[in-house]
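Atoms considered below: every heavy atom in the structure, side chains included; atoms not considered: hydrogens, waters and symmetry mates. So that the names make sense, note that chain A is the first sequence line, chain B the second, and so on, each numbered from 1.
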Amino acid sequence: MLEKNYNPKDFEEKIYADWEASGDFKSDMRADKDAFAIVIPPPNVTGVLHMGHALNDTLQDILVRYNRMLGKKVLWQPGTDHAGIATQMVVERNLAKDGITRHDLGRDKFIETVWKWKEQSGGIICKQLRRLGASCDWSRERFTMDEGLSRAVRKIFVNLYKDGLIYKAKKLVNWDSKFMTAVSDLEVVQKETVGKMYYYKYPIEGEPGEFIHIATTRPETMFGDTAVAVSKDNEKLKHLIGKNAVLPIVDKIIPIIADEHADPEKGTGAVKITPAHDFNDFEVGKRHNLPLINILNPDATLNENTPFPGMDTQTARQKTIEKLEELGLMERIEDHPMVIPYGDRSNVVIEPMLTDQWFVDAPTLAKEAIRAVEDGEMQFVPKSYEKTYFEWMRNIQPWCISRQLWWGHRMPIWYGPDDKIFCEETEEEAQAAADKHYGHHVELRRETDVLDTWFSSGLWAFSTLGWPDKNEYLDTFYPTSVLVTAFDIIFFWVARMMMMSMYMMKRVPFRKCYIHGLVRDEQGRKMSKSKGNTVDPMETIEKYGADALRFFMAAMETQGRDINMSEARIAGYRNFATKLWNAARFGEMNNCAPVKGFDEKGVSHPVNKWIIAKAKEATEQVTANLNAFRFSDAANAVYQFVWGAFCDWYIEMIKPILYGEDETQKAETRATFGWVLDRILIILHPFMPFITTELWNNTADRDVKLIHAAWPQSENIDSAAMNDIDWTIDLISAVRSLRSEMNIPAGARLTLYLKGADAASAEHLQSFASIICSLARLEKAEIYTGEITSDMAQGVFREAVLLLPLKGVVDFAAERERLNKELENLNKNLEGYARKLGNPSFVERAPAAVVEEEKRRQTEALENKAKVEEALQRIANF
RNA sequence: GGGUGUGUAGCUCAGUGGUAUGAGCACUACGUUGACAUCGUAGGGGUCGCUGGUUCGAUCCCAGCCACACCCA
């Protein structure tokens, strides 16, 4: 027996536990159909589930469950990411509570602590994914720092190195002074701020009273200046080229050079060149062979190359200005809108810093990654995102992969006594190579840097399948079928996966990439912890059930658009689940259950034929839309069918049958109900796996679990069966509408006459009289050939006229008003038809079918108009 | 500055070269027996951002403009 109320908490967790314990998420490797695989975008091991995950993983689970029901070999590969900076930050924060820094522990001990933390507190998100219903194969769960994945990292690193696609270089990189590491361009966010532009002047060497005027936003970097640049086209300043300027405060001589970087139109036309601390100046420095002077410590305080060692940049800036003022060289300070780079994790200003770092030759790797998309080997859905992808890939810069952190994959790089580099997968191999090179045993020193987290994420599509070992899963599931991810991760992850996979596997990592939007708050603002507008999916699930949240995500997911959170809507989908629950209870109460061997093609009652045809139609819509990744259309098709057809009409229409005497009809109807409810449970299961399973388990003894039930193959839809009932529904709606407009008490049982009906309508009326009477609250419904009398309310219905005798209770004023309104409407439509059909070019050029349709509408409207006018005539005198 | 996207009912959004049967929520009226008030029935509400163009016909295609959002510099 089903409980009276739908209460998802009673069964959601229980059902999930059963699936997992029974191995229902494991791929059936014997399946004879195609393989379908998704690798999960690995959440950070430190992460907790947010609405973005809820959307992302719901969409994946829908696809996975759908394909599993299609009978394919299905793998949803789960796992988590070690998330270098994020995780190190969390653990360091914990240590800080006890007043300990990672340096107190030392590298090995610290990493041990991180692992311990990971075992104890990491992966909360995987439990939360279970609560959401995600049917990942948890027996295959991977972590980016697992031994297997680490081996993949080392192997691909060595390959890239030996192919010359990884190299070490001294370059300007983005330096995060909080974590004291280099970061990639992608981890830098540019923030617009109103800063200051400082105008001051440098004296010209040997020409007292002569100056060159400088404008800069960062005066404190002047100690790293090694030139001043002026454009050779700058008429006012070009005479200074070749002379020297004197750096004030430190009294250093620097050349004034000609370089196009100094735009005569901007600032003062002269630019101070600080090659070690500005990306543009670095390029200028290279062109002119200028010395590079580093003026910063790793923590972004000034170093001993400046007069202010140990001072932070802000304070140093003030000091510099004071000194310049003392020297009478400061001219003015203006507000200046500018863009300042910040670390996306640390939120501190990123300093361009000259350091030794490791780079991946992304421009070379990008070539194949671009080609694969151009050739359609990997397709973006929606397609428009390929533009974003191409745009970025074609302008890609070398990727800085070294991080001066402790938590991460240590690079497989060893240095000999003379700093010669040995890059091998293991220490033994490196040692052997070194010993061979030097001809005797040497001590090797391992590189201390670790790799950017995204390096290992980039291998995720094949490393999780067991690469580099040959194995059944890799053979079966690579390339994976589709990657589902948000657009903000295209550069970080999609692009890197493409590059790494094309390089190593020579094949795309996934055949399709479905890109979805962000989940925003109710007002459409981006959710963020700092704004305090986040909604916790776990709380939503607690309140409305996982099915309601999932259905919300699916129903709102239209390709490429962001989703605004809406609690009302989630409540609405909870109500939808309640509706289905109660429909199932209705079936239970009336002994409606699936019958073994029932042939739905053999039913005879039109109502049963109709709902079966509708169910097949809905199935077809869900199938087609899921195949096209049209999640909202798929979800809405089930929703409309369940609520709008099955509950609103079918259940109401079969009541007279179920409460009647005809046992044959009853039996057929009960079996049909059972069949249709089963069909609903099947096509709704990918969206709402919990309630559908609970109902499946409670409505019959089953040979197969719903999660493995077969998705229906394409079927013939008996569209003729739909017409009878569509006629009936229209008639009932017309009567209800008339009743409502005439303010007839809901409880009043009336007689319905149909006058002027053709043979088909007459037959319909007779066949469905009991249904019509039941749903339209009528005493009887019959064909009428008599005169229309003054006590009848009347309405137009197709070729006939509806009459409701009201024994003197018709309000003629209201009736006249209603009829006049209808007449007005008809006239408006007729005007339109006349205009169109009177236009010769329309009649000549529009397709014949369109013209015919227009004529049909015109004829129908004319007939209706005549009926309404007659009716008005009749009651004119009352 | 470059790029992408969005402007449709009070709100949040679907959708389409042929009268917008638009959806959910909100709103109004009425609620009747035995699935469901987490409900039912009926109803009101829109010059589909603005201006041109293509077309027999444009909310839909094209161009320009206005507004907003996002990405990259």
Side-chain angles (χ1 to χ4, degrees), chain A residues 2 4-7 185-186 189-190 339 382 384-385 387-388 390-392 395 487-488 490-491 517-518 520 522-526 544-545 548 552 555-590 592 630 632-633 635-636 639-640 643-644 646-648 651-652 655 658-659 730 732-749 774-777 825 828-833 835-847 849-851 853-854 857-858 861:
Chain A
L2 292 170
K4 178 148 180 9
N5 293 311
Y6 163 65
N7 189 358
D185 296 344
L186 280 178
V189 288
Q190 309 288 341
V339 182
S384 57
Y385 281 105
K387 272 189 210 158
T388 314
F390 285 141
E391 187 66 25
W392 192 72
N395 296 297
F487 66 79
D488 57 343
I490 293 178
F491 306 142
L518 267 33
R520 298 170 170 277
E522 305 240 356
Q523 282 79 44
R525 296 171 308 184
K526 206 165 166 175
Y544 299 104
F552 168 78
M556 296 303 285
E557 176 57 23
T558 53
Q559 294 189 351
R561 276 185 85 125
D562 289 348
I563 291 177
N564 288 359
M565 210 51 214
S566 164
E567 186 165 356
R569 214 158 174 136
I570 293 171
Y573 293 123
R574 187 272 321 270
N575 295 354
F576 172 65
T578 305
K579 188 79 181 171
L580 176 65
W581 185 266
N582 284 313
R585 281 181 62 233
F586 171 84
E588 189 178 56
M589 288 170 189
N590 289 283
C592 298
R630 301 177 63 92
S632 72
D633 288 337
N636 287 329
Y639 183 96
Q640 294 301 338
W643 203 316
F646 187 65
C647 293
D648 284 351
I651 288 182
E652 294 307 320
K655 280 177 182 174
L658 295 175
Y659 303 152
D730 285 354
I732 292 165
S733 300
V735 175
R736 283 171 172 174
S737 190
L738 192 54
R739 291 180 64 123
S740 172
E741 280 167 48
M742 296 301 292
N743 288 317
I744 295 160
R749 293 236 168 219
S774 157
L775 299 201
R777 310 292 307 165
N825 251 329
K828 209 174 87 190
N829 288 344
L830 279 165
E831 248 175 70
Y833 304 141
R835 202 181 318 120
K836 264 193 178 174
L837 291 166
N839 178 352
S841 46
F842 171 75
V843 180
E844 281 162 31
R845 299 191 175 196
V850 173
V851 178
E853 176 62 16
E854 205 69 6
R857 283 175 183 158
Q858 188 186 39

* Rounded to the nearest Å, what distance is computed from the CD atom of residue Q190(A) to the C1' atom of nucleotide rG1(B)? -> 14 Å

* Please measure how far the C1' atom in rA23(B) lies from the corresponding atom in rG64(B), and state the result in whole Å. => 33 Å

* Pairwise 5' ranking along RNA chain B for R630(A) and R749(A), keeping only the more 5' one -> R630(A)

* For rG24(B) and rU51(B), measure between their C1' atoms and round to the nearest Å. => 34 Å

* Rounding to a whole Å, what distance do you find between Q523(A):CD and rC68(B):P? -> 19 Å

* Pairwise P distance for rA69(B) and rC13(B), with rounding to whole Å -> 14 Å

* For S566(A), report the nucleic acid contact type (base, sugar-phosphate, nothing); a contact means any heavy atom under 4.0 Å. => nothing

* Using the C1' atom on both, measure rG46(B) against rU33(B) and round to a whole Å. => 40 Å

* Closest nucleotide among rC70(B), rA35(B), rA73(B) to the V339(A) side chain -> rA73(B)

* Asked: Is there a donor N/O on one and an acceptor N/O on the other, under 3.5 Å, for the side chain of R736(A) and the base of rU41(B)?
  -> no

* C1' atoms of rG45(B) and rU38(B), separation to the nearest Å -> 26 Å

* To do: Could you check how far OH of Y385(A) sits from P of rU4(B), rounded to whole Å?
  => 13 Å

* Look at all strands and tell whether T578(A) reaches a base, only sugar-phosphate, or nothing, counting heavy atoms closer than 4.0 Å. => base

* Asked: So what's rA67(B) paired with, Watson-Crick or G-U wobble, going by both distances under 3.5 Å?
  -> rU6(B)

* To do: Once you apply the 3.5 Å cut-off to both distances, tell me the Watson-Crick or G-U wobble partner of rA58(B), or none.
  => none

* Which sits closer to the 5' end of RNA chain B, S632(A) or K4(A), going by the nucleotide each is nearest to? -> S632(A)

* If we take the C1' atom in both rU59(B) and rC48(B), what is their distance in whole Å? -> 4 Å

* **Side-chain touch W581(A)/N7(A), heavy atoms, less than 4.5 angstrom** => no

* Whom does rA20(B) pair with, Watson-Crick or G-U wobble, provided both distances fall under 3.5 Å? -> none

* Among rU33(B), rU12(B), rG18(B), find the nucleotide with the atom closest to the side chain of F842(A). => rG18(B)

* Within the pair K526(A) and rA69(B), is there a side-chain N or O less than 4.0 Å away from OP1 or OP2? -> no

* Base rU41(B) paired with R777(A) side chain (donor-acceptor, <3.5 Å) -> no

* Structure fact -> Re rG43(B): Watson-Crick or G-U wobble partner, both distances kept under 3.5 Å, found to be rC27(B)

* Structure fact -> Picking from rU38(B), rG40(B), rC25(B), the nucleotide nearest the side-chain atoms of D648(A) would be rG40(B)

* Structure fact -> Of the listed rG5(B), rA35(B), rU12(B), the closest approach to the K387(A) side chain comes from rG5(B)

* Please measure how far the P atom in rA9(B) lies from the corresponding atom in rC70(B), and state the result in whole Å. => 22 Å

* Tell me what E652(A) touches on the nucleic acid: a base, only sugar-phosphate, or nothing, going by heavy atoms under 4.0 Å. => base

* Under 4.0 angstrom, heavy atoms only, what part of the nucleic acid is R585(A) near: base, sugar-phosphate, or nothing? -> sugar-phosphate

* Asked: Given rG24(B), rC70(B), rA14(B), which nucleotide is nearest the side-chain atoms of Y639(A)?
  -> rG24(B)

* Asked: Looking across every strand, which nucleic acid part, if any, lies under 4.0 Å from R569(A) by heavy atom: base, sugar-phosphate, or nothing?
  -> base

* Taking only N and O in the side chain of W643(A), is any of them less than 4.0 Å away from OP1 or OP2 of rG40(B)? -> yes

* Asked: Does rU32(B) have a Watson-Crick or wobble partner in any strand here, with both distances under 3.5 angstrom, and which is it?
  -> none

* To do: Pick base, sugar-phosphate or nothing for R525(A), based on heavy-atom distances below 4.0 Å to the nucleic acid.
  => nothing

* Asked: Who does rA14(B) pair with, Watson-Crick or G-U, both distances under 3.5 Å?
  -> none

* Name the nucleic acid region contacted by Y573(A), choosing base, sugar-phosphate or nothing; use a 4.0 angstrom heavy-atom cut-off, strictly under. => nothing

* When rounded to the nearest Å, what value does the distance between P atoms of rC11(B) and rG3(B) take? -> 32 Å

* For the residue pair F552(A) and Y573(A), does the interplanar ring angle fall in the parallel (under 30°), tilted (30 to 60°) or perpendicular (over 60°) class? -> tilted

* To do: Would you kindly give the NZ-to-C1' distance between K579(A) and rA37(B), to the nearest whole Å?
  => 10 Å

* Touch class at under 4.0 angstrom, heavy-atom based, for T558(A) against every strand present -> sugar-phosphate

* Examine distances only and state if a side-chain atom of R739(A) and a backbone atom of P745(A) form a donor-acceptor pair shorter than 3.5 Å. => yes

